[in-house]
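Throughout, a chain's letter reflects where its sequence line sits, starting with A, and its residues are numbered from 1. These values consider heavy atoms only, across backbone and side chains, with no hydrogens, waters or symmetry-generated copies. Computed from a predicted structure; not experimentally measured.
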Number of protein chains: 2
Amino acid sequence: MQLLLIHSDYIEYETKKDTPVAEEIDESFKKGRLEEALTVFIAVESVDETGRGEVVSRAVADIKKVAGQVNTERIMLYPYAHLSSDLSSPSFAVSVLKELEEILSPDYEVSRAPFGWYKAFRISCKGHPLSELSKTIRPEKTEEICRQDEEVVSEALKAEDTATS
Amino acid sequence: MQLLLIHSDYIEYETKKDTPVAEEIDESFKKGRLEEALTVFIAVESVDETGRGEVVSRAVADIKKVAGQVNTERIMLYPYAHLSSDLSSPSFAVSVLKELEEILSPDYEVSRAPFGWYKAFRISCKGHPLSELSKTIRPEKTEEICRQDEEVVSEALKAEDTATS
Ligand SMILES: [Mg+2]
């Protein structure tokens with residue numbers, strides 16, 4: 001999961017056109033606006049499908065931490081595919097976004113922009129040092145797999161060194 | 001290089017505070033605004049240092065192509081470190097951003113937001129299907145290096161298969 005968190009004077013959107021993967025929404029969801037909010041642009045990635053619970057709980061912890069630092073109780077969850085080149089399935093992404101909304105809602109005023117729609121948006125970023133942060137969240141198991149691959153490469157290179165020396 | 005291109009009703013920024021890698025700027029550069037512009041958020045990456053000329057010319061081609069598609073002659077170049085987790089050196093990034101500005105300036109009204117400053121910004125994204133695009137640009141040579149690494153891994157795995165079968 002990729003997160004881009006922006007402490008915003010305001011964030012507002014309106015849907016313009018559905019895409020083939022658009023979430024079905026009713027009229028009230030077609031526009032949204034929050035003032036003095038933490039806007040969280042989110043890309044749910046394919047690797048998140050291998051460790052959903054962990055990724056969701058770490059995202060919640062990160063969002064709560066930053067919301068506390070910038071002292072806001074308003075959160076806009078905004079799907080943003082452009083933060084990753086390896087996205088999850090659309091249905092998985094929608095379900096994760098809804099889960100984040102559900103978990104955060106008891107403690108914050110949460111809005112969620114709809115998934116899979118072309119949207120116009122306006123945002124004002126405050127510009128103080130904590131007003132823009134990005135986070136990459138990956139399931140631990142995957143990190144282990146990556147480390148194993150690196151070991152294979154380094155063993156292979158060692159073997160090659162031995163063979164040519 | 002990572003690019004995020006947004007067709008904008010307006011984009012405006014003002015510097016708030018310098019960081020340790022801040023570009024030296026004079027007063028006139030501390031605020032900027034363009035209307036009806038293509039905003040290009042840019043992260044210059046470490047791998048770009050291995051193929052600067054190629055990356056710059058492909059970025060210019062992409063920016064010109066999108067500016068043509070959305071029919072604007074105004075371009076805001078906006079450094080955006082949050083688009084990558086593997087950034088180039090600050091001095092390389094500044095020099096690339098200045099080169100993009102120089103190459104595009106004869107044909108477009110170009111503004112460039114300063115590098116290494118905390119900035120407040122306001123943007124309005126139009127929301128039509130071409131109004132948000134992202135691009136990853138990597139030197140060709142690097143792609144070859146990656147392919148070679150994959151071959152090493154697959155040869156190593158084949159060797160392991162043989163050893164255990
Ligand atoms: Mg900024």
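Within the 4.5 Å cutoff, the side chain of A/Lys30 has no heavy atoms near those of the A/Lys16 side chain.
With a threshold of 4.5 angstrom between heavy atoms, A/Tyr13 does not approach chain B through any atom at all. B/Leu133 touches chain A through its backbone: at least one of N, CA, C or O sits under 4.5 Å from a heavy atom, while the side chain does not.
Of residues 87-101 of chain A, not one residue has a non-hydrogen atom less than 4.5 Å from any non-hydrogen atom of chain B.
Applying the side chain to side chain contact (heavy atoms under 4.5 Å, CB included) rule to A/Asp86 yields the partners A/Ser46, A/Ser84; only residues at least two apart in sequence or on another chain are considered. B/Phe41 pairs by the ring pair (Phe, Tyr, Trp, His ring centres under 6.0 Å) definition with B/Tyr78, B/Tyr80, not counting sequence neighbours.
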Show me the donor-acceptor pairs within less than 3.5 Å that the side chains of residues 115-129 of chain A make with the rest of the protein, sequence neighbours left out.
unit_1   : atom_1 : unit_2   : atom_2 : d
A/Trp117 : NE1    : A/Glu23  : O      : 2.8
A/Lys119 : NZ     : A/Pro114 : O      : 2.8
A/Lys119 : NZ     : A/Trp117 : O      : 3.3
A/Arg122 : NE     : A/Glu12  : OE2    : 2.6
A/Arg122 : NH2    : A/Glu12  : OE2    : 3.4
A/Arg122 : NH2    : A/Glu14  : OE1    : 2.9
A/Ser124 : OG     : A/Asp9   : OD2    : 2.7
A/Lys126 : NZ     : A/Asp9   : OD1    : 2.8
A/Lys126 : NZ     : A/Glu36  : OE1    : 2.9
A/Lys126 : NZ     : A/Glu36  : OE2    : 3.3
A/His128 : ND1    : A/Leu130 : N      : 3.1
A/His128 : ND1    : A/Ser131 : N      : 3.3
A/His128 : NE2    : A/His7   : ND1    : 2.8

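Checked by atom type and distance alone, the side chain of A/Arg58 never pairs as donor or acceptor with a backbone atom of A/Pro139 at under 3.5 Å. With hydrogens and angles disregarded, a donor-acceptor distance shorter than 3.5 Å links the side chain of B/Ser8 to the backbone of B/Ile6. Proximity of a side-chain donor or acceptor of A/Asp62 to a complementary backbone N or O of A/Ala59 within less than 3.5 Å is not detected.
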